[in-house]
Amino acid sequence: MNTTVAIVGGGPGGSTTASYLARHGIDSVIVEKATFPRFRVGEALTGEVGAIIRDLGLEEAMSQFAEKTAGIVVGPNGRNAFAVATQRRDPVLGLCPTTTWQVRRAAFDQMLLERAADNGVSVVNACAVEPVVEDGVVRGIVVEHDGGRQEMIHADVVVDASGPSTFLAQAGLTGPKERGQYARQIAVYSHYAGAQFDPDKGATNTHIYYKSSYHWAWFIPMGGDTVSVGVVTPSDYYRDSGEGKEAFIARELRELNPGLAERSATLEKIEDVHVVSNFSYQIPRFTGSGFICVGDAHRFLDPIFAFGVHFTMVEGRRAADTIAECLSNGGPATPGVFDDHERICEIGQDIVQSLVDGFWWNPFAFAIFVHRRYTDDFTDLFAGRVYQEEPSPGVQALRNINKLAAGRTYY
Amino acid sequence: MSTTDSIREFIATELDCAVPVAELTGELLLIDERVIDSIAIFQVIDFLESEFDIEVLDEELLPENFSSINAMARLVDGKGQAGS
């Protein structure tokens, strides 16, 4: 099989890349081993991802999910620590209220994949086995179909959107996978029905409840009465509890934070309880001759501010533009052709890393910056506008104080 | 009224403080006691800036500057000296 771009993975990163490639008139093949719909943990989307969804013509189909107008962080005593409204930046009006969504990933991912197929993208149900490399240039991938038949897909570019499988890193084409700063953490999560929401609209927003440093929970309504709830703690704390995952999450829902306990009383579990540990990692040199990794295929941060889908979709859209540019200008095998793309993606990831660091290391400065001193800058950051070449004054102030407070814990 | 007395009175009367006034010593760790958290910090900064006519700089927003009555007094009085 021949194509211009072979994409490993049919999640939001792969589908977004493919849909935007199609817009450039570039054909692509998505290789996805799972049959959709398949479970992924329910997630909140940034305002920028909301803009991509609207751009892809999917706003109407999103009515099945919960609308998000803000993200709300609740401190250890059950009091709201801060809320950040979802705002877009209008060229004339400046910051204006907008909405984005919180989604059941099974349905959301399927919708995006179907949209890519509607745009003419081929979706192959097979497992990517290994990249094809000739003279140091990635030229395609070998895939294995059900029953074991192997097939080569020749391509000018391979986009790795394989998520935590990190397909190209596993094949040794990137730099070595490094553990991230928050690697010794564990997340225990499931989906629940029976959530009760206050009559006020804000209750359906994403809530983050925290108890102490690196010990927190997400509560993300996903539409109807369903909600995604997960507990993140240091791995040692989970191990020392001596509990199984079901008992652990049930107890944490009662004990972690009074605000969470109140909202969890009516919940009934509708999914298995999942556990993921050591989830934070970073892969340097994630682009090269003939390949680009997007989203989790090269980096995964502490998930507290829910940027996972953001990074993979925004980087996917950007990858499509970068590929279109290089195909008409030098070709994807040119050394360093994706260096600038890589640099810009890292700007965004590094800024969100600074946000996470600041939140844990110095919650006082973080709160004052968000609500008093750099409110517009932080509104932009939480909406996903994190790719400025020059850090905004708010980012600069945060980084200055992060240096002074590095590694500290206060709760 | 001294800087420490003024800060003590503010904490006792304005913050949601479960500690009896008699136990509000200069060295009591207000963050550990959860008297000062990331919500109370807004009132604390507003009070210090208006009461003592100072500006708390971005890089001074470190918990150790608000960890006790004495720490806050040092921050305030240090600024007085620098300006005089």
Side-chain angles (χ1 to χ4, degrees), chain A residues 71-84 208-213 216 257-259 304 354-375 377-378 391-411, chain B residues 3 7-8 10-20 23-24 26-76 78-79 82:
Chain A
I72 296 159
V73 177
V74 183
N77 50 11
R79 291 198 288 173
N80 279 11
F82 64 85
V84 179
I208 298 293
Y209 295 91
Y210 69 104
K211 176 180 185 175
S212 57
S213 293
W216 58 279
N257 182 296
I304 185 161
S354 296
L355 270 184
V356 174
D357 292 343
F359 178 75
W360 289 125
W361 294 344
N362 190 346
F364 301 114
F366 195 87
I368 297 286
F369 288 174
V370 168
H371 277 299
R372 285 286 166 80
R373 299 194 175 178
Y374 303 101
T375 301
D377 286 350
F378 277 81
S392 63
V395 171
Q396 202 53 60
L398 185 67
R399 285 181 169 163
N400 288 343
I401 204 147
N402 281 354
K403 278 184 208 151
L404 299 173
R408 297 189 193 178
T409 55
Y410 288 100
Y411 286 104
Chain B
T3 307
I7 295 171
R8 181 178 294 109
F10 158 75
I11 291 170
T13 56
E14 299 296 325
L15 293 187
D16 185 11
C17 179
V19 181
E23 292 173 28
L24 273 179
E27 291 300 325
L28 181 74
L29 295 173
L30 300 169
I31 297 170
D32 292 0
E33 294 292 334
R34 305 233 157 144
V35 174
I36 294 182
D37 60 14
S38 52
I39 299 165
I41 194 71
F42 289 97
Q43 288 167 269
V44 171
I45 301 290
D46 287 349
F47 166 76
L48 294 177
E49 292 192 332
S50 63
E51 177 73 14
F52 302 108
D53 194 24
I54 58 164
E55 185 187 352
V56 179
L57 303 176
D58 285 352
E59 56 269 28
E60 290 169 338
L61 291 170
L62 289 163
E64 59 259 38
N65 287 333
F66 310 95
S67 58
S68 67
I69 291 172
N70 287 353
M72 286 184 266
R74 276 193 297 274
L75 178 73
V76 170
K79 284 173 175 290

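A, B, ... follow the sequence lines: proteins, then strands. Residue 1 opens every chain.
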State, with a plain yes or no, whether a side-chain heavy atom of [X] is found less than 4.5 Å away from one of [Y].
X: Ile401(A); Y: Leu62(B); result: yes
X: Ile45(B); Y: Phe364(A); result: no
X: Pro63(B); Y: Trp361(A); result: no

Inset, instruction - Please state whether the side chain, the backbone, both or neither of Phe369(A) comes within less than 4.5 Å of a heavy atom of chain B. - result: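 Side chain of Phe369(A) only, per the 4.5 Å heavy-atom cut-off to chain B.
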Legend entry - Distance-minimising heavy-atom pair for Glu49(B) and Arg373(A):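 Residues Glu49(B) and Arg373(A), closest heavy atoms: OE2-NH2, 3.3 Å.
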Legend entry - Which atom of Ala367(A) lies closest to which atom of Ser38(B), heavy atoms considered: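 Where Ala367(A) meets Ser38(B) most closely, the heavy atoms are CB-O, 3.7 Å.
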Legend entry - Gap separating the CD atom of Gln396(A) from the CG atom of Asp58(B), nearest 0.5 angstrom: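 Rounded to the nearest 0.5 Å, the CD-CG separation comes to 11.0 Å.
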Inset, instruction - Check each atom of Asp46(B) against the heavy atoms of chain A and say whether the ones under 4.5 Å are side chain, backbone, both or neither. - result: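 Only the side chain of Asp46(B) comes within 4.5 Å of chain A.
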